[in-house]
Amino acid sequence: MSKKVRVRFAPSPTGGLHLGGIRTVLYNYLFAKQHGGDFIVRIEDTDQTRFVDGAEQYIFNCLNWCGLVPDESVQQGGAYGPYRQSERKQRYRVYAEKLVADGHAYYAFDSSAELDKMRDDLKTKGSHTLQYDHHVRMDMKNSLTLAEDEVRALLSDGTPYVIRIKVNPGNQVMFDDMIRGSISFDTNNVDDKVLLKADGMPTYHLAVVVDDYEMQISHAFRGEEWLPSAPVHILLWQHLFGLAAMPQWAHLPLILKPDGNGKLSKRDGDRLGFPVYAMDWRDPSTKEATKGFKEIGFLPEAFINLLAVLGWNDGTEQEVFSLQELVEKFSIAKVHKGGAKFDFEKAKWFNHEWIKRSEVSSYSTLVKSILEQKGLDIQDDNYLHAVMELVKDRCTLLDDFYTQSHYFFADPLSLDEAAVKPKWDEQKNAFFNQLSNRLSDLSNWSNVEIESVFKELAAELKIKMGELQMIFRVMLVGSKIGPGVFIIAETIGKGSTLQRIKSAVAVF
RNA sequence: GCCGCGUUGGUCAAGGGGUUAAGACGCCUCCCUUUCACGGAGGAAUCACGGGUUCGAAUCCCGUACGUGGUACCA
């Protein structure tokens, strides 16, 4: 009898939401939906010194944009709240005290100066570990070394203290990771991590165990950077709730920087010229603004898609997946063990694919506002859709719609004279003057009709079609880009076509 | 340093004892188009190294190297 699938994403509200974060959300979400389970977002704000105003709301904005909406969270509510750890503060102490009472944890009164001294001493002694662990705890100031009444005295006179887990050496801690298989640690190397801080807040280690238990999390996915502290969590589960209740773990591979080594950071994006955050983020204290994938012109479908296949694939040649397909095909067992370097070129390719494949109406509002911001006047949505349909194959980012389609909405700002001038002569002049006349008489304004008029005249004047078409294009577009010239002429209409020919002829 | 995890072309990757070692991005050539793309056809480029096990190893084992993460009263 397996319990209901419940997974959680547990971000700290400390700044922009990174690619890796969104991918963790995505894998959580896919796994939950695939198993008919719940996806919970829990805000891990136990470090009051790192709190950043607005960061929490920003996280939800990103999730909404991606379409990865939680079933339970501080915003949605739910039966297992509160979903903000700072609001659960009192709960953690109860468990910490229970651990102390059971002999699995102890009070430690060491000041930060004393801790520094301990590490310095270890260093000069040539110890290969600088940890607060079974080697040193009996030399420190804690409830293991102090007499009971001393401890009571310190506690009652308000001496700052933390609660540390007491890790006994000589044991093996093992667990099965859904991605990596069996992993084991020797408790000799595990330190006595702080569980409850002097300010009464839990550390991540205590909070994650308590909350995963109380929120009945069945499967816990998190970044690989957590693997080294996993034994502490396992021990805590053992002492507090029993291993049977523990969620199944999956430690996700890291997303690495494209060049050099190390995990991808915001700085790498700045340096290499691509976003790392899902959406624009502005740090309220430094005022530093960072670009996001959304604002740079990515479709959420593409963003999700590229993240999904960065570290996972379904074993077939398929690369483009919708969220629905991902829910069906995702498999945690097929997630890679090794980290993947992020490749922005490939990321753009996904966006290009989604722009090509999607109904233009599904993102025309975005394109419309981009075009309007650039000063174009968009009157008719049907016209916009038609234009987008014509140019979408050549757009990689949403902004490309401007360079690829502005001439459908306004006369070209400039003409590529360099391309035309060398080929321009009296004969061409005559051709375009006559073309104007004939086109203005054309009653059925369609690209086939325009083309046949054009061809007929070219044949009559014995001029090669190629050069004429190129010139015609520059007249209508301003440069040598875009779809077929006759379609362009049809689309912009008779009036604009004649008018652009006229003003171009005057220039050449 | 110590501990954990990893390693298939430049990048993402399939493949888990016998394959000509898929596919995609990027790069190059050609076709289409007298534009720019899209599309199509090709091309260069890979199993980190060393030992085993085996008739046979990219695949299994052991070392080494390299990478990566942790080593906080941060998550």
Side-chain angles (χ1 to χ4, degrees), chain A residues 10-14 44-47 49-50 85 108 110-112 115 119 123 126-133 160-164 177 179-180 183-186 188-191 193-205 207-208 222-231 251 253-254 256 258-259 261-263 306 309-320 334 336-350 352-353 356 391-396 400 403-404 416 419 423 464-474 477 479-485:
Chain A
S12 294
T14 53
E44 306 221 335
D45 57 348
T46 54
D47 185 0
T49 64
R50 293 212 307 163
Q85 288 183 331
D110 316 278
S111 66
S112 59
L115 290 173
R119 294 189 181 107
K123 210 176 291 177
S127 164
H128 54 239
T129 164
L130 268 35
Q131 300 182 140
Y132 195 124
D133 61 12
Y161 69 94
V162 300
I163 293 180
R164 287 179 181 272
D177 187 279
I179 295 172
R180 287 151 212 281
I183 293 175
S184 68
F185 295 86
D186 190 326
N188 289 336
N189 302 314
V190 180
D191 62 329
K193 287 241 182 305
V194 171
L195 302 178
L196 199 74
K197 300 187 254 188
D199 65 0
M201 279 289 196
T203 58
Y204 171 81
H205 309 294
V208 72
R222 62 189 355 178
E224 188 187 348
E225 67 268 26
W226 290 108
L227 213 34
S229 53
H251 289 87
L254 268 9
L256 308 172
D259 60 344
N261 311 108
K263 61 175 174 177
L306 92 245
V309 299
L310 198 59
W312 168 87
N313 73 83
D314 74 340
T316 72
E317 288 182 10
Q318 183 173 357
E319 287 196 283
V320 179
K334 277 187 155 300
H336 283 198
K337 296 179 175 74
K341 289 182 181 170
F342 180 68
D343 181 1
F344 188 52
E345 290 306 317
K346 182 92 186 211
K348 285 194 291 191
W349 177 80
F350 278 106
H352 191 22
E353 288 300 311
K356 284 192 294 180
V391 303
K392 68 175 184 176
D393 281 359
R394 41 205 100 207
C395 296
T396 298
D400 294 338
T403 48
Q404 293 298 334
D416 184 355
K423 305 188 190 279
K464 276 185 294 185
M465 272 292 285
E467 278 186 2
L468 290 173
Q469 272 190 58
M470 189 275 282
I471 294 172
F472 192 31
R473 170 182 299 281
V474 173
V477 173
S479 59
K480 300 194 284 184
I481 62 157
V485 239

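- In the model, His251(A) has no side-chain atom that pairs as donor or acceptor with a side-chain atom of Arg180(A) under 3.5 Å.
- Gly482(A) comes within 4.0 angstrom of a base, heavy atoms only.
- In this structure, the CD atom of Gln85(A) is 13 Å from the P atom of C74(B), given to the nearest Å.
- Atom name P, nucleotides C47(B) and U29(B): the rounded distance is 26 Å, in whole Å.
- Taking every side-chain heavy atom of Pro228(A) into account, G70(B) is the closest of C73(B), A75(B), G70(B).
- Salt-bridge check for Lys464(A) with Glu467(A): failed, with every basic side-chain N at 4.0 Å or more from each acidic carboxylate O.
- Atoms CD (Glu467(A)) and P (U34(B)) sit 13 Å apart, rounded to a whole Å.
- The same atom, C1', is picked in C62(B) and in G43(B); the two are 40 Å apart, to the nearest Å.
- As judged by a 4.0 angstrom heavy-atom cut-off over every strand, Ser12(A) is placed among residues touching the sugar-phosphate backbone only.
- Counting non-hydrogen atoms under 4.0 angstrom, Arg180(A) reaches the backbone sugars and phosphates but no base.
- Residue-level contact check: His352(A) touches the backbone only, with heavy atoms under 4.0 Å from sugar-phosphate atoms and none from bases.
- Atom CZ of Arg394(A) is separated from atom P of C36(B) by 10 Å (rounded to the nearest Å).
- Salt bridge annotation for Lys346(A)-Glu319(A): present, with a cationic side-chain nitrogen under 4.0 angstrom from a carboxylate oxygen.
- The residue Thr316(A) sits apart from the nucleic acid: no heavy atom pair falls under 4.0 Å.
- U54(B) and C61(B) have their C1' atoms separated by 12 Å, with the value rounded to a whole Å.
- Glu345(A) comes within 4.0 angstrom of sugar-phosphate atoms only, judged by non-hydrogen atoms across all strands, and of no base.
- Within 4.0 Å (heavy atoms only), Gly311(A) reaches sugar-phosphate atoms of the nucleic acid but no base atom.
- Using modelled atom types and a 3.5 Å distance limit, the side chains of Asp47(A) and Tyr204(A) yield no donor-acceptor pair.
- As judged by a 4.0 angstrom heavy-atom cut-off over every strand, Lys348(A) is placed among residues making no nucleic acid contact.
- Across all strands shown, G16(B) forms no Watson-Crick or G-U wobble pair with both distances under 3.5 Å.
- Under the Watson-Crick and G-U wobble criteria, each requiring two contacts below 3.5 Å, nucleotide C2(B) is paired to G70(B).
- Between A14(B) and G70(B), the two C1' atoms lie 32 Å apart (nearest whole Å).
- With both pairing distances under 3.5 Å, U11(B) is matched to A24(B) as a Watson-Crick or G-U wobble pair.
- Checked against G70(B), G6(B), C12(B), the side chain of Leu310(A) finds its nearest nucleotide in C12(B).
- Here A24(B) is the nucleotide among A24(B), A14(B), C74(B) with the atom lying nearest to any side-chain atom of Trp349(A).
- For the P atoms, the distance from G40(B) to A24(B) is 10 Å, rounded to whole Å.
- Of all non-hydrogen atoms in Gln85(A) and Asp45(A), the two that sit nearest each other are N-OD1, 3.3 Å.
- Checking A72(B), U35(B), C5(B) against the side-chain heavy atoms of Arg119(A) singles out A72(B) as nearest.
- Looking at Gln131(A), its side chain does come within 3.5 Å of a backbone N or O of Asn189(A) through a donor-acceptor pair.
- With respect to the salt-bridge test (charged N to carboxylate O, under 4.0 angstrom), the residues Lys197(A) and Asp199(A) do not qualify.
- Candidate nucleotides C73(B), C74(B), G39(B) were compared by shortest atom distance to the side chain of Arg50(A), and C74(B) ranks first.
- Comparing the P positions of C12(B) and G50(B) gives a spacing of 23 Å, expressed to the nearest Å.
- Here Val208(A) lies out of heavy-atom contact (under 4.0 Å) with every strand.
- Heavy atoms of His336(A) sit under 4.0 angstrom from primed sugar atoms or phosphate atoms, though from no base atom.
- Across all strands, Phe350(A) comes closer than 4.0 Å to no nucleic acid atom at all (heavy-atom distances).
- Using a 4.0 Å heavy-atom distance criterion, Ala340(A) is classed as a sugar-phosphate-only contact.
- One C1' atom belongs to G39(B), the other to G4(B), and the distance between them is 48 Å to the nearest Å.
- When heavy atoms are screened at a 4.0 angstrom cut-off, Arg222(A) is found touching no nucleic acid atom at all.
- Judged by distance alone with a 3.5 Å cut-off, no donor-acceptor contact links the side chain of Lys193(A) to the base of A72(B).
- Comparing the same atom, C1', in C2(B) and in G15(B) gives a spacing of 36 Å after rounding to whole Å.
- Within the 4.0 angstrom heavy-atom criterion, no nucleotide atom of any strand lies near Asp45(A).
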